[in-house]
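What follows is a single structure, written as structure tokens, with notes after it.
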Amino acid sequence: MLVTGGLVRNGELSLTGGMAEDAFGALNCDLAFIGVAGVCAAPGLTEYNPDDARVKRAAIAAARRSVVLADSSKLGRVAFATVAPLSAVDAIVTDASAARPAVGELAAAGAEVIEAKVPDAGAPQ
């Protein structure tokens, strides 16, 4: 496990600041999985905290491929700070159905949207 270092944000326990950003600048990642506060056609990927946005931007830049993981509540949402345009990532994985308008908007903007089937919690395995 690798930890970037930096300042720990209370509540989320995310690592932010120059140390976290610089750590990604020294790495060559094959694949980055990124969680964000909002995903929409424009401005793209967004986050509530500008420091989180900068670290996520650095992680995307350090990776050959980037995949956004966003549950359906994040689609169509625009948060305060822009992380990157949709074109900066390779795919978006979500539990939202392709029938949702937000998924159609993302696809129309050129994003590859992959629907992850979430099993029913009450169904037998």
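Model, not experiment: these values are computed from the prediction.
Not counting sequence neighbours, the partners of Asp71 by the side-chain hydrogen bond (donor to acceptor under 3.5 Å, both in side chains) test are Ser73. Not a single side-chain hydrogen bond (donor to acceptor under 3.5 Å, both in side chains) links Glu112 to another residue, sequence neighbours left out. With sequence neighbours excluded, no residue forms a side-chain hydrogen bond (donor to acceptor under 3.5 Å, both in side chains) with Asn49.
A pairwise comparison of heavy atoms in Ala37 and Arg77 identifies O-CD, 3.2 Å as the closest pair. Between Ala102 and Gly76, the shortest heavy-atom distance links the atoms CB-N, 4.2 Å. Across every non-hydrogen atom of Phe80 and Pro50, the tightest pair is CE2-CG, 3.7 Å. The two residues Ser66 and Ala88 come nearest to each other via the heavy atoms CB-O, 4.5 Å. Heavy atoms only, all atoms of each residue included: Ala58 and Phe24 are closest at O-CB, 3.7 Å.
Counting only residues at least two apart or on different chains, the side chain to side chain donor-acceptor pair (under 3.5 Å) pairs with a member in residues 7-16 are Arg9-Glu12, Arg9-Asp52, Ser14-Asp52. Listed by first and then second residue, the salt bridge (Lys or Arg N to Asp or Glu O under 4.0 Å) pairs involving residues 27-47 are Asp30-Arg64, Glu47-Lys56 (not counting sequence neighbours).
Using a 4.5 Å cut-off between side-chain heavy atoms of Ile, Leu, Val, Met, Phe, Trp and Tyr, with links allowed through other members, Leu13 and Val3 fall into the same hydrophobic cluster. Taking hydrophobic clusters as Ile, Leu, Val, Met, Phe, Trp and Tyr residues chained together by side-chain heavy-atom distances below 4.5 Å, Met19 does not share a cluster with Leu7.
The hydrophobic cluster around Leu45 extends to Ile34, Val36, Val39, Ile60, Val68, Leu75, Val83, Leu86, Val89, Ile92, Val103, Leu106, Val113, counting ILVMFWY residues whose side-chain heavy atoms fall within less than 4.5 Å of a member.
Within the 4.5 Å cutoff, no side-chain heavy atoms of Leu15 are placed close to those of Val55.
Put simply, the side chain of Thr94 gets close to the backbone of Ala70: a donor and an acceptor are under 3.5 Å apart.
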inquiry  = Walk me through whether Val67 and Leu31 qualify under side-chain contact (heavy atoms from CB on, under 4.5 Å).
reply    = CA-CA 8 Å; Val67 176; Leu31 179 62; 3.8 Å; yes
Working for side-chain contact (heavy atoms from CB on, under 4.5 Å), residues Glu115 and Ser97 = CA-CA 6 Å; Glu115 181 184 354; Ser97 163; 4.3 Å; yes
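A distance of 11.0 Å separates CG in Asp22 from CG in Leu27, rounded to the nearest 0.5 Å.
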